[in-house]
Amino acid sequence: MTDASKPWANGKERRLSMARDQLHRASALLTLLLLIMGFALASPSFLSVNNGLTVLLQTSVIGLLGIGLTMVIITGGIDLSVGSVLALSGVVSAMAVKAGLPVIPAMCVGVLAGAACGAFNGLVITRLRIPPFVATLGMMLIARGMALQLTGATPISQLGAGFGRLGNGALFRVVEMQPNGFPRVIFPGIPYPAILLLIVAIAATYLLRRRQIGRHIYATGSNEEAARLSGVDVDWTKMYAYTMSGALAGLAGNVLMSRLVTAQPSEGVMYELDAIAAAVIGGASLSGGVGTIAGTMIGAFIIGILRNGLNMSGVSAFIQQIVIGLVVIGAVWIDQVRNRR
């Protein structure tokens, strides 16, 4: 646990905990740098500006999902439904736009739909006492089925340029019109999804490290009974974590569907594994009580760069699935070794 998550720990324990967290983040950051160097040597265009922006766009969705999952994992739970909730939220946003609602309110409706799915997970886990794995597996099927039923398993298109601004827009983009009438991009700008990810990451870090609910999240995952005896409302804390996970899945759904300018009910399949891998690679423990947003961001970029680099190296999508699967197994194994120690 971190020092912020263990208020009853003595000074020595806090220092040891901080040292372990910093060591794990440093090793993850070193892995990230080695991946960048390896793919840069394999493909000269890997370090191009356009490819860097592509990595940022791809990582933004994984990162948003990973932030929500980090909160859930710290409580000692798991959320397998985020990929399906992402698809359902994107579909709800698109349907709201089609119904005549402006884009921003429509996307807010999509985020609320994701939060509702997360709150349902929390209720099932805290009230019915169903294990998180089973509860969120059920929601994964429910949300995917709802997305397919609402759309008739067909994409929702013709959503307008405004719907695509969040996923395809950029800050400080500079475009020059050429004499032939075609635009030329002088500076591609900073993608809106990357800016959104940065804002959410900073807000989540502040919440976990500086707010009472953050300390309660860590305490619940570390020792639920001790947290309850210390006055922590454990059920409410879990509800909060799962609701936030669902809301961030809804936000990620808006970003992804906005990039496509089409609501695809089949999107988000297996995204939950990338998000879980990002959190665990970044230092979150599946046993609960340990994890940081900074570590999850490093893990998300490791996954994003790994996928991008394998694509540029011509590795087939099937081999990529094998590699990512091995990464997930390796990350969980490292977590288990760390817990035994």
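FYI, the numbering just counts along the sequence from 1. From a predicted model like this one, the values you see are computed outputs, not experimental measurements. Reckoned from all heavy atoms, side chains included, excluding hydrogens, waters and symmetry mates.
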Closest contact, heavy atoms only, Pro265 versus Ala147:
CB-O, 3.6 Å
Where is the tightest heavy-atom contact between Val234 and Ala227, given as atom of each residue plus distance?
CG2-CB, 4.4 Å
Going from OG1 on Thr237 to CD1 on Ile74, what distance comes out if it is rounded to the nearest 0.5 angstrom?
12.5 Å
Distance-minimising heavy-atom pair for Leu88 and Ala143:
CB-O, 3.9 Å
With no hydrogens and no angle check, is any side-chain donor or acceptor of Ser43 less than 3.5 Å from a backbone partner on Ala40?
no
Counting N and O atoms only, with roles assigned by atom type, does the side chain of Ser285 sit under 3.5 Å from a partner on the main chain of Ser287, one being a donor and the other an acceptor?
yes
Inter-residue atom distance Leu260.CG - Ile156.CD1, 0.5 Å rounding:
12.5 Å
For residues Pro188 and Val49, determine if any side-chain heavy atom of one lies less than 4.5 Å from a side-chain heavy atom of the other.
yes
Taking the side chain as everything from C-beta on, heavy atoms only, tell me whether Thr220 gets closer than 4.5 Å to Lys238.
yes
Looking only at heavy atoms, what is the nearest atom pair of Ala278 and Ala300, with distance?
CB-N, 3.5 Å
Sorted by chain and number, sequence neighbours left out, side-chain contact (heavy atoms from CB on, under 4.5 Å) with Leu248 holds for Ile67, Val200, Leu251
Salt bridge (charged side-chain N to carboxylate O under 4.0 Å, His left out): which pairs involve residues 66-80, sequence neighbours left out?
none
Could you see if Val92 belongs to whatever hydrophobic cluster contains Ile142? Use Ile, Leu, Val, Met, Phe, Trp, Tyr and a side-chain cutoff under 4.5 Å.
yes
Side-chain heavy-atom pair Ile298, Ile281 within 4.5 angstrom cut-off
no
For the residue pair Thr296 / Thr70, report whether a side-chain donor-acceptor contact shorter than 3.5 Å exists.
yes
Look at the side chain of Ser230 and the backbone N and O of Val232, then say whether any donor-acceptor pair between them is shorter than 3.5 Å.
no
If you compare all heavy atoms of Gly283 against all heavy atoms of Val290, which two are closest, and at what distance to 0.1 Å?
O-CG1, 3.4 Å
Between Ser245 and Ala241, is there a donor-acceptor pair closer than 3.5 Å when you use the side chain of the first and the backbone of the second?
no
Expected output: side-chain Ser222 to main-chain Tyr218 donor-acceptor under 3.5 Å:
no
Applied to residues 25-83, the ring-ring contact (aromatic ring centres under 6.0 Å, His included) test, sequence neighbours excluded, yields Phe39-Phe46
So side-chain hydrogen bond (donor to acceptor under 3.5 Å, both in side chains) across residues 54-64, not counting sequence neighbours, yields none
Of all the heavy-atom pairs spanning Tyr242 and Pro132, show the shortest one and how long it is.
OH-CB, 3.2 Å
Evaluate the criterion salt bridge (Lys or Arg N to Asp or Glu O under 4.0 Å) for residue pair Glu267 and Arg259; output intermediate values, then yes/no.
CA-CA 12 Å; Glu267 279 292 338; Arg259 278 180 58 196; over 6 Å; no
Should Leu159 and Val255 be regarded as members of a common hydrophobic cluster, given that ILVMFWY residues are connected when their side-chain heavy atoms come within less than 4.5 Å of each other, either directly or indirectly?
yes
Going by chain and number, the hydrophobic cluster around Leu34 (ILVMFWY, side chain to side chain under 4.5 Å) further includes Leu30
Distance-only, no hydrogens or angles: does the Thr292 side chain make a donor-acceptor pair with backbone N or O of Gly295 under 3.5 Å?
yes
Are the side chain of Ser84 and the backbone N or O of Met140 linked by a donor-acceptor pair below 3.5 Å?
yes
Applying salt bridge (charged side-chain N to carboxylate O under 4.0 Å, His left out), which residue pairs with at least one partner in residues 249-258 are found, sequence neighbours left out?
none
Donor-acceptor pairs are to be reported for all side-chain atoms of residues 94-107 against protein atoms at under 3.5 Å, with residues two or more places apart or in another chain.
| from | atom 1 | to | atom 2 | distance (Å) |
| --- | --- | --- | --- | --- |
| Lys98 | NZ | Ser157 | O | 3.0 |
| Lys98 | NZ | Gln158 | O | 3.4 |

Roughly how far, to the nearest 0.5 Å, is the CD1 atom of Ile62 from the CG atom of Leu273?
11.5 Å
Looking at CZ of Arg209 and CZ of Arg215, how far apart are the two atoms once the value is rounded to the nearest 0.5 Å?
11.0 Å
Reported CG-to-OG distance for the pair Leu166 and Ser93, which is rounded to 0.5 angstrom
10.0 Å
Give a yes or no on this: more than 12 heavy atoms of other residues, nucleotides or ligands lie within 6.0 Å of atom CE of Met239.
yes
Scan for side-chain hydrogen bond (donor to acceptor under 3.5 Å, both in side chains) pairs involving residues 126-141, sequence neighbours excluded, and state none if there are none.
Arg129-Asp235
Apart from Leu198 itself, its cluster of hydrophobic side chains linked below 4.5 Å comprises Ile202
Residues in side-chain contact (heavy atoms from CB on, under 4.5 Å) contact with Met244, at least two apart in sequence or another chain
Met71, Tyr240
Do other residues, nucleotides or ligands put more than 12 heavy atoms under 6.0 Å from Gln320 CD?
yes
Pairs flagged by salt bridge (charged side-chain N to carboxylate O under 4.0 Å, His left out) wherever residues 301-311 is involved - sequence neighbours left out
Asp274-Arg307
Any side-chain heavy-atom pair from Ile195 and Ile199 closer than 4.5 angstrom?
yes
Does the pair Ser81 and Asn121 meet the rule for a side-chain hydrogen bond (donor to acceptor under 3.5 Å, both in side chains), with working shown?
CA-CA 9 Å; Ser81 66; Asn121 282 334; 3.2 Å; yes
Backbone of Leu86 reached by a side-chain donor or acceptor of Ser89 within 3.5 Å:
no
Has the side chain of Asn168 got a donor or acceptor atom that lies under 3.5 Å from a matching backbone atom of Ser258?
yes
Strictly by salt bridge (charged side-chain N to carboxylate O under 4.0 Å, His left out), give each pair with a member in residues 239-248 just once, sequence neighbours left out.
none
